[in-house]
Protein chains: 2
Amino acid sequence: MTATADVSAAWQAYQRMRLQLNGRINRELSRSTGLSEADFDILFLLEQSQEGTMRSIALRCGLEWEKSRLSHQLRRMAQRGLITKAAGAVIELTDRGREQIAAARACHEAAVRRYFGDVLTPDQLATLTAISDRVVSRLTQDREHSGQ
Amino acid sequence: MTATADVSAAWQAYQRMRLQLNGRINRELSRSTGLSEADFDILFLLEQSQEGTMRSIALRCGLEWEKSRLSHQLRRMAQRGLITKAAGAVIELTDRGREQIAAARACHEAAVRRYFGDVLTPDQLATLTAISDRVVSRLTQDREHSGQ
DNA sequence: TATCAACGGTTGATGTATCAACCCGCGAGG
DNA sequence: CCTCGCGGGTTGATACATCAACCGTTGATA
């Protein structure tokens with residue numbers, strides 16, 4: 001039986017890492033490219049797909065976002081000229097969007113490596129992957145609590 | 001040298017856990033107590049301290065929040081009657097706030113245990129703590145990039 | 001003493017997240 | 001053929017996060 005103190009220590013340490021790590025990466029991304037994490041995630045998925053087009057529903061499944069969240073975000077990104085909305089709920093990457101995600105990807109990868117990949121051992125990385133998979137599978141398992 | 005693929009796999013798994021785990025816990029907290037994560041964090045700190053009072057600056061240091069964020073949040077919480085603002089930037093827990101944080105703490109602890117503590121081995125918890133400390137210390141080390 | 005810089009705190013503007021309500025097209029069952 | 005429900009998408013309201021600009025006090029220095 002795991003002691004409460006150990007769980008609590010791990011939780012607190014994890015919270016600290018979560019807040020600071022993602023804060024730092026997002027700040028660097030925003031400062032050097034003007035893109036938010038939300039922008040980045042969407043553009044990244046779009047760039048992955050050939051032709052740079054995806055249906056809304058595919059984005060939603062890939063990101064596991066709520067539909068209203070995606071709708072609001074796509075509207076703002078279309079206003080900024082990063083994407084365009086075509087018929088049939090098809091979202092298309094613009095040239096401007098393509099430039100930005102290319103630059104942002106480099107910045108993001110560098111930050112992830114600098115603050116995460118480079119400071120952890122292969123063992124730690126493997127354990128973190130296992131931990132994450134375990135927690136996610138637990139969450140998926142009792143989806144009934146989720147309300148979503 | 002750690003392979004790029006391993007870093008990337010660990011990063012993606014971690015991101016999934018981060019998004020889903022915190023999303024679930026916050027949703028349960030909000031549904032069953034009406035408190036957001038921000039509310040919870042502040043009330044938790046206030047409850048810790050004897051008398052349920054703290055100076056703004058102490059809250060800011062404890063939470064590592066930006067000053068404007070704290071100011072906005074305290075204003076909203078005062079409007080909802082969870083706290084009161086006294087002279088000298090002193091924040092005081094109200095009776096209503098005390099009730100809510102007590103209920104919320106139980107709910108939060110149960111959720112952390114259910115989705116996190118109960119599904120990980122002592123070894124995994126210890127490794128996660130080590131990972132978190134390592135990453136946080138790396139972040140603290142080159143604070144110059146932070147902009148904050 | 002006068003000034004200035006630093007710091008704690010507030011405010012307003014903007015972007016982001018979530019919930020609820022709504023619109024619409026479509027297929028199942030009457 | 002009807003209609004009813006479901007799912008994809010939009011919209012509006014509200015809460016939260018972040019940035020920049022501002023206000024007051026305080027302490028160091030010219």
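In what follows, every chain begins at residue 1, and chains take the letters A, B, ... in the order their sequences are listed. All values reported here derive from a predicted model rather than from experimental measurement.
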Non-neighbouring partners of A:Arg16 that pass salt bridge (charged side-chain N to carboxylate O under 4.0 Å, His left out), sequence neighbours left out: B:Glu64

Pairing residues for A:Arg96 by the side-chain hydrogen bond (donor to acceptor under 3.5 Å, both in side chains) criterion, not counting sequence neighbours: none

Please give the nucleotide sitting opposite D:dG5 as a Watson-Crick or G-U wobble pair, both distances under 3.5 Å, or none. C:dC26

Sequence neighbours left out, what pairs pass salt bridge (charged side-chain N to carboxylate O under 4.0 Å, His left out) with at least one residue falling in residues 48-57 of chain B? none

Going by side chain to side chain contact (heavy atoms under 4.5 Å, CB included), A:Ile42 matches just one of A:Ile101, A:Leu70, A:Leu82, A:Ile91. Which one? A:Leu70

For A:Arg138, check salt bridge (charged side-chain N to carboxylate O under 4.0 Å, His left out) against everything at least two apart and list the hits. A:Asp142

Whole angstroms only, please: what is the CD-P distance between A:Gln79 and D:dT10? 13 Å

Which residues pass the side-chain hydrogen bond (donor to acceptor under 3.5 Å, both in side chains) test with B:Ser68, sequence neighbours left out? none

Using whole Å, what does the distance between atom P of nucleotide D:dA17 and atom CG of B:Asn26 come to? 10 Å

Atom pairs, N/O to N/O, protein against nucleotides 26-28 of chain D, distance under 3.5 Å?
none

Indicate the ring-plane relationship of B:Phe40 and B:His108, choosing parallel, tilted or perpendicular according to the 30° and 60° boundaries. parallel

For B:Ser8, the side-chain hydrogen bond (donor to acceptor under 3.5 Å, both in side chains) test, sequence neighbours excluded, returns B:Gln12

Distance, rounded to the nearest Å, where A:Asn22 contributes CG and D:dA17 contributes C1': 14 Å

Expressed as a whole number of angstroms, how long is the span from B:Ile42:CD1 to D:dA17:P? 9 Å

Any pair with a residue in residues 73-89 of chain A that passes side-chain hydrogen bond (donor to acceptor under 3.5 Å, both in side chains), sequence neighbours left out, goes on the list, sorted by first then second residue, please. A:Asp39-A:Gln73, A:Asp39-A:Arg80, A:His72-A:Arg75, A:Gln73-A:Arg76

Heteroatom pairs (N/O) under 3.5 angstrom, protein to nucleotides 26-28 of chain C:
none

Could I get the full list of salt bridge (charged side-chain N to carboxylate O under 4.0 Å, His left out) partners for B:Arg105, not counting sequence neighbours? B:Glu47, B:Glu109

For B:Arg18, side-chain hydrogen bond (donor to acceptor under 3.5 Å, both in side chains) partners two or more places apart: A:Asn22, A:Glu37, B:Gln15

Would you mind building the protein contact string for nucleotides 7-18 of chain C? One character per nucleotide, 5' to 3', B for base within reach (heavy atoms under 4.0 Å), S for sugar-phosphate only, - for untouched. -BBBBBB--BSB

